[in-house]
Amino acid sequence: MAVPSQIHHFHFSNCLMNASGVSCERKEELAALDDSAAGTFITKTATLEAREGNPQPRVETFALGSINSSGLPNQGLPYYLQALADFQAAKPDKTYFLSVTELEEEKIYKILEEVEASDFKGLVELNLSCPNVIGKPQIAYDFETTDRILKRVFSFFTKSLGVKLPPFFDPSHFDQMADILNAYPLAYVNCINSVGNGLVIHDEQVVIKPKQGFGGIGGETIKETALANVHAFYQRLRPEIAIIGTGGVCDGRDVFEHILCGASMVGVGTTLYEEGEGCFASLTEELEAIMKEKGYQSIEDFRGKLKYMD
Ligand SMILES: O=C(O)c1[nH]c(=O)[nH]c(=O)c1I
């Protein structure tokens with residue numbers, strides 16, 4: 001029971017994966033994802049050195065989703081490179097994702113130089129959209145900086161690279177970002193990261209400690225924004241740049257809609273946080289039932305084929 005997919009020459013036994021940041025910081029968590037019905041996993045975004053992250057409580061759920069201000073807690077790049085080497089040795093035919101970023105531009109190049117020099121064989125995701133490092137803007141909301149970074153990265157980086165984007169809300173921003181991305185040999189874009197800096201209140205108080213309660217919103221409430229970003233970039237990007245759809249996936253119908261909008265792989269965050277790794281099997285079953293009912297044999301029978309009203 002699986003719906004296979006691919007990004008370039010990388011084949012995945014199932015089109016579902018975790019959203020970076022959820023259940024993927026420690027090796028034991030990655031092992032649970034590796035053993036689940038997900039077709040692959042992506043690590044928590046790694047920085048050169050390990051980070052504690054923001055004070056707890058920093059992740060909470062609410063009626064329609066989740067809010068987090070984790071602050072980029074991770075075990076540091078060497079930990080993930082070693083873990084990935086071990087997972088790859090155990091499953092030579094499986095492809096994994098490594099997410100990375102850094103807080104200063106020069107360090108972004110440094111961490112990617114280290115990844116380039118490593119034996120990692122999967123896809124690398126440059127996170128340009130972390131909303132929770134206090135005092136640091138989301139890189140991808142600065143078009144000039146994004147262009148400068150990608151230009152320099154691709155002057156030395158030869159592994160397969162994708163970028164994690166924040167949500168955009170204006171056609172002119174979709175246009176500007178797509179023009180930048182189309183200029184580079186990207187393997188994919190991952191749309192979207194959490195909707196930055198929402199505020200969840202319980203009675204009279206915020207529900208997370210960092211940043212006076214402000215944090216990235218995920219889950220059911222962001223699906224429509226996620227679908228719009230997936231489809232806007234599907235419409236604008238060169239077909240060689242694949243799209244990973246992340247955001248608001250609660251059931252098989254949501255997976256179907258992400259693919260209909262153009263996604264080749266679908267990331268699951270809040271639902272994974274709430275339900276655990278079993279969610280991948282149930283989401284797959286639900287997707288398969290929808291495909292069967294509609295007579296679709298594979299993803300390519302409906303990927304990107306969203307119908308407009310003429
Ligand atoms: O606070 C985080 O660690 C975090 N939280 C998010 O919602 N997205 C991100 O990319 C990151 I790096």
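Atoms considered below: every heavy atom in the structure, side chains included; atoms not considered: hydrogens, waters and symmetry mates. Note that ligands are numbered from 1 as they come in the structure, with each ligand's atoms numbered from 1 the same way. Residue numbers count from 1 along this sequence.
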Which protein N or O atoms sit under 3.5 Å from any N or O of ligand 1? Give each pair with its distance.
{"unit_1": "ligand 1", "atom_1": "1 (O)", "unit_2": "Asn68", "atom_2": "OD1", "d": "3.4"}
{"unit_1": "ligand 1", "atom_1": "1 (O)", "unit_2": "Ser70", "atom_2": "N", "d": "3.2"}
{"unit_1": "ligand 1", "atom_1": "1 (O)", "unit_2": "Gly71", "atom_2": "N", "d": "2.8"}
{"unit_1": "ligand 1", "atom_1": "1 (O)", "unit_2": "Asn132", "atom_2": "ND2", "d": "2.9"}
{"unit_1": "ligand 1", "atom_1": "3 (O)", "unit_2": "Lys44", "atom_2": "NZ", "d": "2.7"}
{"unit_1": "ligand 1", "atom_1": "3 (O)", "unit_2": "Leu72", "atom_2": "N", "d": "2.8"}
{"unit_1": "ligand 1", "atom_1": "5 (N)", "unit_2": "Asn68", "atom_2": "OD1", "d": "2.9"}
{"unit_1": "ligand 1", "atom_1": "5 (N)", "unit_2": "Asn132", "atom_2": "ND2", "d": "3.2"}
{"unit_1": "ligand 1", "atom_1": "7 (O)", "unit_2": "Asn68", "atom_2": "ND2", "d": "2.8"}
{"unit_1": "ligand 1", "atom_1": "7 (O)", "unit_2": "Ser194", "atom_2": "OG", "d": "2.8"}
{"unit_1": "ligand 1", "atom_1": "8 (N)", "unit_2": "Asn193", "atom_2": "OD1", "d": "2.8"}
{"unit_1": "ligand 1", "atom_1": "10 (O)", "unit_2": "Asn127", "atom_2": "ND2", "d": "2.8"}
{"unit_1": "ligand 1", "atom_1": "10 (O)", "unit_2": "Asn193", "atom_2": "ND2", "d": "2.9"}

Item to check | Worked check of ring pair (Phe, Tyr, Trp, His ring centres under 6.0 Å) between Phe97 and Phe12 | outcome: CA-CA 12 Å; Phe97 288 76; Phe12 301 96; 5.7 Å; yes

List the atom pairs, donor and acceptor, that lie under 3.5 Å between side-chain atoms in residues 168-175 and the rest of the protein, sequence neighbours left out.
{"unit_1": "Asp170", "atom_1": "OD1", "unit_2": "Ser172", "atom_2": "N", "d": "2.7"}
{"unit_1": "Asp170", "atom_1": "OD1", "unit_2": "Ser172", "atom_2": "OG", "d": "2.8"}
{"unit_1": "Asp175", "atom_1": "OD1", "unit_2": "Arg236", "atom_2": "NE", "d": "2.7"}
{"unit_1": "Asp175", "atom_1": "OD1", "unit_2": "Arg236", "atom_2": "NH2", "d": "3.3"}

Item to check | Distance flag, aromatic centroids of Phe256 and Phe302, threshold under 6.0 Å | outcome: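 Yes, the ring centres sit under 6.0 Å apart.
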
Item to check | Whether Phe87 and Phe41 hold their rings parallel, tilted or perpendicular, with breakpoints at 30° and 60° | outcome: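 It falls in the perpendicular class, over 60°.
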
Next on the checklist: Suppose we screen for side-chain contact (heavy atoms from CB on, under 4.5 Å). Which residues come up paired with Arg26, at least two apart in sequence or across chains?
Outcome noted: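 Per chain and number, Arg26 pairs via side-chain contact (heavy atoms from CB on, under 4.5 Å) with Glu28, Glu29, Gln75, Tyr79.
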
Item to check | Arg58: partners by salt bridge (Lys or Arg N to Asp or Glu O under 4.0 Å), with sequence neighbours left out | outcome: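 Per chain and number, Arg58 pairs via salt bridge (Lys or Arg N to Asp or Glu O under 4.0 Å) with no residue.
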
